[in-house]
Number of protein chains: 2
Amino acid sequence: MYTLLNYRKSTQSFPQSFALGGSDQKKMAVNFKIHYLYILEYINMAHAVTIKDIAKELGVSPSTVSRALKDHPDISPATKQQVRDLVNKLKYKPNAIALSLRSQKTNVISVIVPQIVHHFFSSVISGIEEVAQTNGYNVMIFQSNEKYERELAITQEIESNRAEGVLVSLSKTTKNFQHFRELAEKDFPMVFFDRVCEEIESDKVVVDDFMGAMNATEYLIRTGCRRIAHLAAPQHLLIGYHRKRGYISALEKNGIEVDDTLIVKCDTIEEAYEVVPGLMALEQPPDAILAVNELTAAGAVNALKKLNYKVPAQVSVVGFTDGLVSTVTDPPLTTVSQHGFQIGEKAAAMLLERIRHPDSGKKPSTEVIKTELVVRGTTRPLG
Amino acid sequence: MYTLLNYRKSTQSFPQSFALGGSDQKKMAVNFKIHYLYILEYINMAHAVTIKDIAKELGVSPSTVSRALKDHPDISPATKQQVRDLVNKLKYKPNAIALSLRSQKTNVISVIVPQIVHHFFSSVISGIEEVAQTNGYNVMIFQSNEKYERELAITQEIESNRAEGVLVSLSKTTKNFQHFRELAEKDFPMVFFDRVCEEIESDKVVVDDFMGAMNATEYLIRTGCRRIAHLAAPQHLLIGYHRKRGYISALEKNGIEVDDTLIVKCDTIEEAYEVVPGLMALEQPPDAILAVNELTAAGAVNALKKLNYKVPAQVSVVGFTDGLVSTVTDPPLTTVSQHGFQIGEKAAAMLLERIRHPDSGKKPSTEVIKTELVVRGTTRPLG
DNA sequence: AAAATTATCGGAAAAGGTTTCGGAGATCAA
DNA sequence: TTGATCTCCGAAACCTTTTCCGATAATTTT
């Protein structure tokens, strides 16, 4: 590639320095043309057309081309037209890299999620992408795969890439937040969503997990359930903590004793298959299960059916995360909807606000997105 | 921000040009110090630390710092250590934008998908991200939202951003392929996956939809089904076309007449709820359904159960796309697994190959990823 | 006719990092 | 003392675009 570009330069000066006499002249000229064309074609592949190419071709300076494209009044209408024509012909596309270096703006925001392959996270990303797109920003996606080391490397990468801001949902294994603290200290625009970091003062968008769990639990109580089990997420994750707190609050508010044997750490479908039979084998088995996510809830339903329990007649089930799964189970799951798309929209909007007004002096705020209990078939009808 | 940076320059030359006499001197010096510190602090926020800052602080040139960081033999160990120490202290991160402009390499590949919020596509993205990451590339995601106009704009954006390659799955509404043809003519590294473009010579990764559908249909036949319905995708999409062809081939191979009333365009869960009752009301209702995706299959199962058909005793169901949904339905769905992650891996690997060897002269190839019939509960056991 | 204005364009600098070329100084042998 | 060699480092080029500051010629005003 490089040699060919050099070659081009020397080839361009040929017309002046080259001369042939006699009968060979015509033949050589023909060879030349073919050769030259071939090289030009080759260059097109390696080297995207720049403003300089346009300028050289038109015999004007790069600055003139730039101004012509910006419709600057200093440029004559004739020149503008020439530039526009050649730009269309050569399909010139402005070099965003050069623009970024010049303007110190990349128009990129980055997103760190644990896994894309989760309906909730892909919904959030979808919401982010939507808002970013309409505001002229591009989105760079990074997966931590729930690994702290990966998350650390990603933050370095994001700084290197000079993204203008970052949206983060924490990995499960992250217990040291120094990498994010450094960003925060530099006033790097940053918004946490869903799995947020409590120790860092920053904008956050969270699901109202407490109210979500409380409402769901109260709904179960109102449908007559009294021994409600909770399949909980790890408690070092805020969402796990808040959901459990909401669950307990609902019980206490309604004068139901909290029974620790009914609260089990269980947040995957496999764990559900293991844990649920144990719960049902208790002396006083539960008559309802509040699961911390959709898959776990679906697993619980299936496990119950395998144990010949009727859902919801004998045992009700409620899950978090309203995704595709909830609609297709039998019976369809009653779930706490988290409005992933909306979370993404909100988080992106907050980030853009920070990017646009870095000196606003506004205190970091935490936006709480209301949950919604979507009642389907795994809970009994009210009264 | 800008004014402050300018201000800094003028402030820096103060020590030489500034002189005060008499009693004012001390007071002014104090004021100055405070002023200066304040500005420096301010700059830290706006301006990321560059190689120049390190150089200035150490009293060496930027090139020395660069070489020290690259462990160049020309730099003394003492200088190297000094540089490393200050780099860690000031948390210098190389400016990827400047590097890209200089090296003409962005280390970015772009992905265009119709929607992220589809298990299949997010799996593919996950596979792409994995391969890209281990090869030092970052991934930029774009959603066409099944809109041609969006897809067109995205290709422009990708060219502007100087991504080194692009992975594409076509939008449903795209019928003009000029934007991709332009890229292909420039030899811009490009790999289509899943929803590929037949008219363009380019690397492709496709699911073996024909064999997938044929194998699934044959499996149904071997379990004793004879009237097999097909819920099909639109036929202008290759996947829809191939799956239907595979389905028909299996029937013909086994001497079963193709009945057009059993082939219905239906590729969403809502349509399944509408279409299935109609099929079952036929004079000769089907004893099996081959659905074009997972959700449609799940919808068919639910619709059948509502009509009091036993699945799979009376009607078998097979779906495409092996996602989360398949595992949680009751009974769990027998599906044709498409190995989304693997498709992503393969497509990304092919793209990187093209990026690394642009002049290999290798003809575009089409990689076919085998499907796999994952037998679960919605089909009867084999003989 | 001289002066001022306008129209149109070019040159250079700047953004940040890498690389190449070469220069300055020290050391050592002839 | 001269020349050669080695160590260490600086200056400048390069990538692309935009903007500021001139520069030239043509036109208008006085």
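Per chain, numbering begins at 1; letters A, B, ... match sequence-line order. What you are looking at is a predicted structure, and each value in this text was computed from that prediction instead of being measured.
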Give the C-alpha distance, both sets of side-chain angles, the deciding distance and a yes or no for side chain to side chain donor-acceptor pair (under 3.5 Å) between Arg102(A) and Asn95(A).
-> CA-CA 11 Å; Arg102(A) 160 93 207 173; Asn95(A) 186 326; over 6 Å; no

Side chain to side chain donor-acceptor pair (under 3.5 Å) between Ser66(B) and Ser63(B), intermediate numbers included = CA-CA 5 Å; Ser66(B) 173; Ser63(B) 48; over 6 Å; no

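Using modelled atom types, no side-chain atom of Glu151(B) and backbone atom of Ser144(B) make a donor-acceptor pair closer than 3.5 Å. Side-chain N or O atoms of Thr79(A) include none that pairs as donor or acceptor with a backbone N or O of Ile75(A) at under 3.5 Å.
Checking Ser103(B) against His72(B), the closest nucleotide of DNA chain D that is more toward the 5' end is the one next to His72(B).
Contact of Arg67(A) with dG10(C) (side chain to base): a donor-acceptor pair of N or O atoms is detected under 3.5 Å.
The side chain of Tyr92(B) places no N or O atom within less than 4.0 Å of a non-bridging phosphate oxygen (OP1 or OP2) of dG16(C). Taking only side-chain nitrogens and oxygens, Ser66(A) comes nearer than 4.0 Å to OP1 or OP2 of dT18(D). A sub-4.0 Å separation between OP1 or OP2 of dT18(D) and a side-chain N or O of Lys70(A) is present.
Judged purely by distance below 3.5 Å, without hydrogens or angles, the side chains of Asn176(B) and Arg181(B) never pair a donor atom with an acceptor atom.
Atom pair Lys105(B):NZ and dT16(D):P shows a separation of 16 Å (rounding to whole Å applied). To the nearest angstrom, P of dG16(C) lies 16 Å from NZ of Lys93(B). Straight-line distance from the CG atom of Leu58(B) to the C1' atom of dG10(D): 15 Å, rounded to whole Å. In this structure, Asn95(A) places its CG atom 5 Å from P of dT17(D), rounding to the nearest Å. Taking atom CZ of Arg162(B) as the reference point, atom C1' of dT17(D) lies 11 Å away to the nearest angstrom. Atom CD1 of Ile97(A) is separated from atom C1' of dG16(C) by 13 Å (rounded to the nearest Å). The CD-P distance, from Gln82(A) to dT8(C), rounds to 13 Å in whole Å. Put simply, NZ on Lys56(A) is 10 Å from P on dT16(D), counting in whole angstrom units.
Distance from the side chain of Thr50(A) is smallest to dT17(D) among dT17(D), dC9(D), dT8(C). Checked against dG10(D), dG16(C), dT17(D), the side chain of Gln104(A) finds its nearest nucleotide in dG16(C). In this structure, of dC9(D), dC15(D), dT8(C), it is dC9(D) that holds the atom nearest to the side chain of Ile75(B). For Thr79(B), the side-chain atoms get nearest to dC8(D) when compared with the rest of dT17(D), dG10(C), dC8(D). Relative to the side chain of Arg102(A), the nucleotides dT18(D), dT19(C), dT8(C) differ in distance, and dT18(D) lies closest. Listed nucleotides: dC9(D), dT18(C), dG16(C). Nearest to the side chain of Thr64(B): dC9(D). Minimum atom distance to the side chain of Ser76(B) is reached by dC9(D), of the listed dG10(D), dC9(D), dT17(D).
When heavy atoms are screened at a 4.0 angstrom cut-off, Asp74(B) is found touching base atoms of the nucleic acid. Counting non-hydrogen atoms under 4.0 angstrom, Val65(B) reaches nothing in the nucleic acid. Within the nucleic acid shown, Leu101(A) comes within 4.0 Å of at least one base atom, counting heavy atoms only.
In summary, Glu159(B) and Lys91(A) do not engage in a salt bridge, as defined by a charged side-chain N under 4.0 Å from a carboxylate O.
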